[in-house]
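A quick write-up on the structure given underneath.
We use all heavy atoms of the structure for the numbers below, so side chains are in, but hydrogens, waters and symmetry mates are not. All figures in this text were calculated on a predicted structure; none of them were measured in a lab. For this chain, numbers begin at 1 and follow the sequence in order.
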Amino acid sequence: GRSTVVGLIVVHRAIASQMLEGFARLYAARFPIAMMVPIVAFHWDDLLSMRANNTSSFNSRLIAGTNKPSLHAFGLAFDLNPLWNPCRSNGIWLPDGARFDPRQPGALTVWVVRMWEDMGFTWGGRWNNPIDMHHFQMPLENIRARGF
């Protein structure tokens with residue numbers, strides 16, 4: 001059987017309707033979300049959140065290795081099942097020891113990526129380094145085009 005647990009994700013109001021629609025579609029398709037709690041539960045530690053396979057958005061942090069704020073700091077990016085959809089940065093998998101297995105329920109599929117991209121999000125899995133498979137973000141130009 002399938003059990004349903006209520007989760008909570010904190011996002012910017014500019015993407016709230018897309019997030020609601022996207023997660024409703026995932027739910028209807030029985031796409032599993034391992035956990036969805038605000039990152040404060042992990043003391044704002046992104047690695048701890050990723051290790052727990054936590055799907056989250058708002059996190060007041062910088063882009064790794066820079067002094068620029070991440071779109072997570074504005075609630076304009078989210079990470080989807082990061083343990084099942086890891087990031088590969090400089091040849092290292094994050095979180096530690098994670099590997100992508102397309103057979104794992106909750107691992108990204110083409111339709112999931114296309115759904116988010118059709119709503120205006122960009123996918124970190126298309127980047128070169130890092131290849132951030134769990135990361136989706138709403139580019140600022142897409143938000144400006146919507147009048148926010």
Side-chain angles (χ1 to χ4, degrees), residues 5-29 31-96 98-100 102 104-148:
V5 176
V6 174
L8 177 66
I9 190 164
V10 178
V11 301
H12 191 286
R13 68 185 179 93
I15 66 168
S17 61
Q18 290 100 324
M19 295 292 285
L20 185 59
E21 179 184 343
F23 281 99
R25 286 185 190 177
L26 293 179
Y27 181 79
F31 183 87
I33 306 294
M35 171 187 285
M36 188 185 292
V37 299
I39 198 134
V40 66
F42 297 92
H43 310 285
W44 304 101
D45 187 320
D46 194 43
L47 275 177
L48 285 178
S49 178
M50 284 195 298
R51 284 187 196 123
N53 210 14
N54 184 44
T55 294
S56 67
S57 176
F58 175 73
N59 184 1
S60 184
R61 66 179 179 84
L62 301 175
I63 297 170
T66 75
N67 62 356
K68 297 191 312 190
S70 164
L71 286 181
H72 284 282
F74 303 99
L76 295 172
F78 70 96
D79 294 339
L80 182 60
N81 291 334
L83 189 62
W84 297 334
N85 302 297
C87 175
R88 188 147 175 89
S89 179
N90 298 318
I92 297 167
W93 288 97
L94 298 171
D96 335 339
R99 295 284 183 282
F100 180 72
Q104 166 69 51
L108 292 177
T109 62
V110 171
W111 83 264
V112 172
V113 171
R114 284 192 181 146
M115 175 193 71
W116 291 111
E117 288 179 332
D118 287 349
M119 286 192 276
F121 289 87
T122 56
W123 179 44
R126 298 201 188 279
W127 301 341
N128 289 322
N129 190 38
I131 300 169
D132 202 347
M133 294 179 61
H134 55 256
H135 181 88
F136 292 86
Q137 65 185 35
M138 182 61 73
L140 294 176
E141 57 271 15
N142 291 7
I143 292 168
R144 288 188 193 104
R146 294 183 61 218
F148 280 94

Do [X] and [Y] come close enough that some side-chain heavy atom pair is under 4.5 Å?
X: I63; Y: P69; answer: no
X: L140; Y: L71; answer: yes
X: R51; Y: F42; answer: no
X: D79; Y: T55; answer: no
X: M35; Y: V37; answer: yes

Quick one: pull up [atom1] in [X] and [atom2] in [Y] and give me the separation to the nearest 0.5 Å.
X: N53; Y: I33; atom1: CG; atom2: CD1; result: 9.0 Å
X: S60; Y: H72; atom1: OG; atom2: NE2; result: 12.0 Å
X: I143; Y: L76; atom1: CD1; atom2: CG; result: 4.0 Å
X: M138; Y: F74; atom1: CE; atom2: CZ; result: 15.5 Å
X: Q137; Y: W116; atom1: CD; atom2: CH2; result: 14.0 Å
X: R126; Y: D132; atom1: CZ; atom2: CG; result: 13.5 Å

Provide the closest heavy-atom pair for [X] versus [Y] in the form atom of the first, atom of the second, distance.
X: G22; Y: M119; value: CA-CE, 3.6 Å
X: S56; Y: I39; value: OG-CD1, 4.0 Å
X: T122; Y: P139; value: CG2-CG, 3.6 Å
X: F100; Y: A107; value: CE1-CB, 3.7 Å
X: G120; Y: N142; value: O-ND2, 2.7 Å
X: M50; Y: L94; value: CE-CB, 4.3 Å

Would you be so kind as to tabulate the donor-acceptor pairs closer than 3.5 Å made by side chains of residues 85-92, with sequence neighbours excluded?
from, atom 1, to, atom 2, distance (Å)
N85, OD1, L108, N, 2.7
N85, ND2, L80, O, 3.2
N85, ND2, N81, O, 3.2
N85, ND2, G106, O, 3.1
R88, NH1, G91, O, 3.1
R88, NH2, G91, O, 3.3
N90, OD1, N129, ND2, 2.7

Original post:
For A77, does its backbone N or O pair with a side-chain atom of S57 as donor and acceptor, under 3.5 Å?
Top reply: yes

**OP:** Step through it carefully: locate the ring centre of W127, locate the ring centre of H135, and say whether they are under 6.0 Å apart.
**Re:** yes

Subject >> F121-F78 aromatic ring centre distance below 6.0 Å >> reply: yes

Subject >> Residue pairs involving residues 35-50 (criterion side chain to side chain donor-acceptor pair (under 3.5 Å); sequence neighbours excluded) >> reply: S49-N54

Original post:
Mind checking whether W123 and F136 have parallel, tilted or perpendicular rings, split at 30° and 60°?
Top reply: parallel

Subject >> Atom CZ of R114: over 12 foreign heavy atoms under 6.0 Å >> reply: no

**OP:** Apply side-chain hydrogen bond (donor to acceptor under 3.5 Å, both in side chains) to Q104 and list each qualifying residue two or more places apart in sequence or on a separate chain.
**Re:** none

